[in-house]
Amino acid sequence: MAYLESLIQKCNSLSHIKQLQVHFITTGQLLLSPSRTKLLELCAVSPFGDLSYATHLFRHIQNPSTNDWNAVVRGLAAGPEPTRAILWYGTMSRQSCRVDALTCSFALKACARMLARSEAMQIHSQVVRFGFYADALLMTTLLDVYAKSGDLDSAEKVFDEMDVRDIASWNALIAGLAQGSRPSEAIELFNGMRVEGWKPNEITVLGALSACSQLGALKEGEKVHGYIMGEKLDMNVQVCNAVIDMYAKCGFANKAYTVFKNMCRRSIVTWNTMIMAFALHGDGYKALELFEQMGGAGVHPDAVSYLGALCACNHAGLVDDGVRLFDSMAGSGLTPNVKHYGSVVDLLGRAGRLKEAYDIVSSMPMTPDEVLWQTLLGASKTYGNVEMAEIASRKLVEMGSNSCGDFVLLSNVYAAHERWKDVDRVRTAMKDRDVKKIPGFSYIEVDGVIHKFVNGDQSHFNWREIYAKLDEIKFRTKAYGYVAETNFVLHDIGQEEKENALCYHSEKLAVAFGLISTAEGTPIQVIKNLRICGDCHVVIKIISKIYNREIVVRDRARFHRFTEGLCSCKDYW
DNA sequence: GCTCTGTCTA
């Protein structure tokens with residue numbers, strides 16, 4: 001027996017496995033349970049294994065044990081078609097073979113990869129029926145599936161009902177909340193676990209930092225960074241990468257760069273994160289400089305590095321550098337993907353080179369995605385190109401896109417040309433199609449507390465004062481010569497109401513709150529989930545001038561730094 | 001004896 005075990009351990013290729021299998025068959029040992037399971041596992045999960053061969057081996061076993069099944073389910077769950085693991089799990093549970101906690105764990109792992117919530121629910125009910133609910137590892141896997149598939153309520157419920165938790169349970173929920181648009185709760189949970197005496201590890205802080213990045217929560221982010229230093233978690237490269245990202249997304253590219261410089265070991269992700277950080281802040285040259293430096297440091301730029309550098313060119317208006325970069329990809333052995341194409345189309349589009357942008361779209365080797373057509377539509381709007389806008393819109397409709405922004409852009413193009421009939425047609429189409437409107441919201445941190453505003457929000461404890469401030473802003477900006485561009489508003493309402501609809505956008509509410517709740521001269525920073533609206537961009541520029549404040553707005557794409565009536569994006573976004 | 005949690009992407 002021992003010699004068989006050692007033979008199996010020496011296997012390092014599929015042909016070894018096949019030789020062993022022949023040996024087992026000829027000596028009649030394929031029936032011996034422990035060795036054949038080992039062989040099966042080797043086939044199913046080892047790096048040199050082969051899934052189809054594993055299932056082939058499995059079919060030659062007359063009475064497969066639970067462990068035999070587990071080997072296959074585990075292998076399938078990690079393979080290219082996780083659905084098959086779920087199917088095998090179903091077959092297994094219908095047969096007489098006993099399903100154990102590991103089987104459920106592997107099947108749930110497959111669900112996590114497929115984001116298969118309803119399948120996970122079925123396995124969940126079996127887990128309860130089989131009495132595995134006390135298994136902390138299994139319940140953590142379950143929690144993670146719910147969180148990843150967007151059902152945070154169920155994830156929380158599983159967490160709450162667990163009698164025994166380990167650090168991974170906390171981590172799974174914190175990461176789930178952070179990634180699932182409930183970042184404030186992720187931070188609360190992170191602080192809560194420390195109160196309960198838990199010691200966050202590398203993985204915990206990754207989740208917490210990701211939440212801080214999304215919220216632009218600098219104060220919390222600094223606390224997490226302090227914890228990382230105290231616990232020496234900064235030895236971990238991934239943790240440092242997340243710290244860089246956090247500082248960059250909280251508006252402090254220089255702090256991010258300090259962390260970057262102090263790292264003794266850097267991964268390619270470190271470089272990519274820092275390049276993206278400069279891009280986000282419109283520091284095109286710094287991003288390109290870093291991109292050049294990485295080669296010298298022995299790190300070859302990958303597809304993400306190129307995307308970051310291209311993105312930096314976009315935000316800094318470095319059109320020729322960007323095009324050159326894009327063209328140089330092939331020489332580095334990299335094939336541009338749809339995002340690289342999207343980026344270069346954006347680059348040309350912003351520069352008004354719509355024809356070239358369109359030629360690239362027509363000649364690209366893969367199908368353009370929605371985002372790409374939206375990019376072209378946005379550029380068409382900026383340059384008032386009706387034909388191009390119509391082409392892009394038609395493509396978007398064909399692709400089943402139903403997003404409000406696409407219709408608004410097209411309508412704006414028509415409105416700019418005073419083609420009111422076409423404007424009406426688009427509005428009617430919007431009504432008929434029940435378009436999706438992602439609700440816009442903005443965050444602002446004041447004294448370490450995050451305040452969230454949605455459009456027309458009246459739920460803030462201070463809303464009356466905020467609205468009074470907005471009235472004052474309206475008055476003072478008008479006196480300064482501002483005229484509302486109501487063409488950003490689509491509803492069939494009167495001029496004054498249109499102005500009001502613009503006036504209470506979430507980013508304006510957040511800025512107004514910043515003005516009344518921070519000392520004069522203090523910079524104000526706002527985070528918005530969508531792109532900043534054109535009217536808000538105009539108004540905030542004026543606010544920065546007449547109130548003499550630096551105002552920073554991070555929108556979906558980049559940072560806008562407003563000072564003295566100007567924006568760092570040079571109105572080019 | 002074997003599971004669970006994870007940074008960067010127009």
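Residue numbers begin at 1 in each chain, while the letters A, B, ... track the order of the sequences.
You won't find any donor-acceptor pair under 3.5 Å spanning the side chain of A:N337 and the base of B:dA10, going by distance alone. On a pure distance criterion of 3.5 Å, a polar donor-acceptor pair joins the side chain of A:E41 and the base of B:dG1.
Counting only heavy atoms from C-beta on, A:R74 has its side chain closest to B:dC2 among B:dT5, B:dC2, B:dA10. Considering only side-chain atoms of A:V269, the nucleotide from B:dC8, B:dA10, B:dC2 that sits closest is B:dC8. Here the nucleotide nearest the side chain of A:A168, chosen from B:dC4, B:dT3, B:dC8, is B:dC4. The side chain of A:V304 approaches B:dC8 more closely than any other nucleotide in the set B:dC8, B:dA10, B:dT7. In the set B:dT7, B:dT5, B:dC4, the nucleotide with an atom closest to the side chain of A:I203 is B:dT5. Taking only side-chain atoms of A:Q179, from C-beta outward, the nucleotide of B:dT3, B:dT7, B:dC8 with the closest atom is B:dT7.
The side chain of A:Q238 contributes no N or O atom lying less than 4.0 Å from OP1 or OP2 of B:dT5. In this model, the phosphate group of B:dG6 is approached by a side-chain N or O of A:K148 to a distance below 4.0 Å at OP1 or OP2. Remark: A:K249 is in phosphate contact with B:dT9, judged by side-chain N or O atoms under 4.0 Å from OP1 or OP2.
Straight-line distance from the CG atom of A:L206 to the P atom of B:dT7: 6 Å, rounded to whole Å. Remark: C1' of B:dT3 and CG of A:L102 are 6 Å apart, rounded to the nearest angstrom. Nucleotide B:dT5 holds its P atom 13 Å from the CG atom of A:N201, rounded to whole Å. Look at CG on A:L325: it is 14 Å from C1' on B:dA10, rounded to the nearest Å. Atom pair A:W170:CH2 and B:dC4:C1' shows a separation of 16 Å (rounding to whole Å applied). Rounded to a whole Å, the NZ atom of A:K109 is 7 Å from the C1' atom of B:dC4. Rounded to an integer number of Å, the gap from CE of A:M294 to C1' of B:dC8 is 11 Å. When the P atom of B:dT5 is taken as reference, atom CG of A:L138 falls 12 Å away, rounded to whole Å.
Within the 4.0 angstrom heavy-atom criterion, no nucleotide atom of any strand lies near A:N70. Residue A:V239 is out of contact with every strand shown, counting any heavy-atom pair closer than 4.0 Å. In this structure, A:T375 reaches neither bases nor backbone, as no heavy-atom distance under 4.0 Å exists between it and the strands shown. Contacts of A:T273 with the nucleic acid, taken as non-hydrogen atoms under 4.0 Å apart, involve only primed sugar atoms and P, OP1 or OP2. Residue contacts for A:D100: at a heavy-atom cut-off of 4.0 Å it reaches no nucleic acid atom on any strand shown. Across all strands shown, A:E370 has no heavy atoms under 4.0 Å from either base or sugar-phosphate atoms.
Not one N or O on the side chain of A:R350 forms a donor-acceptor pair closer than 3.5 Å with the backbone of A:A379. Using a distance-only test at 3.5 Å, with no hydrogens or angles considered, a donor-acceptor pair links the side chain of A:D555 to the main chain of A:I532.
At least one side-chain heavy atom of A:S403 sits less than 4.5 Å from a side-chain heavy atom of A:Q374. Residues A:R113 and A:K148 have side chains not in contact (no heavy-atom distance under 4.5 Å, counting atoms from C-beta outward).
Relative orientation of the A:F130 and A:F132 rings is tilted, given thresholds of 30° and 60° on the angle between their planes. Below 30°, between 30° and 60°, or above 60°: for A:F58 and A:W69 the angle between ring planes is above 60°, a perpendicular geometry.
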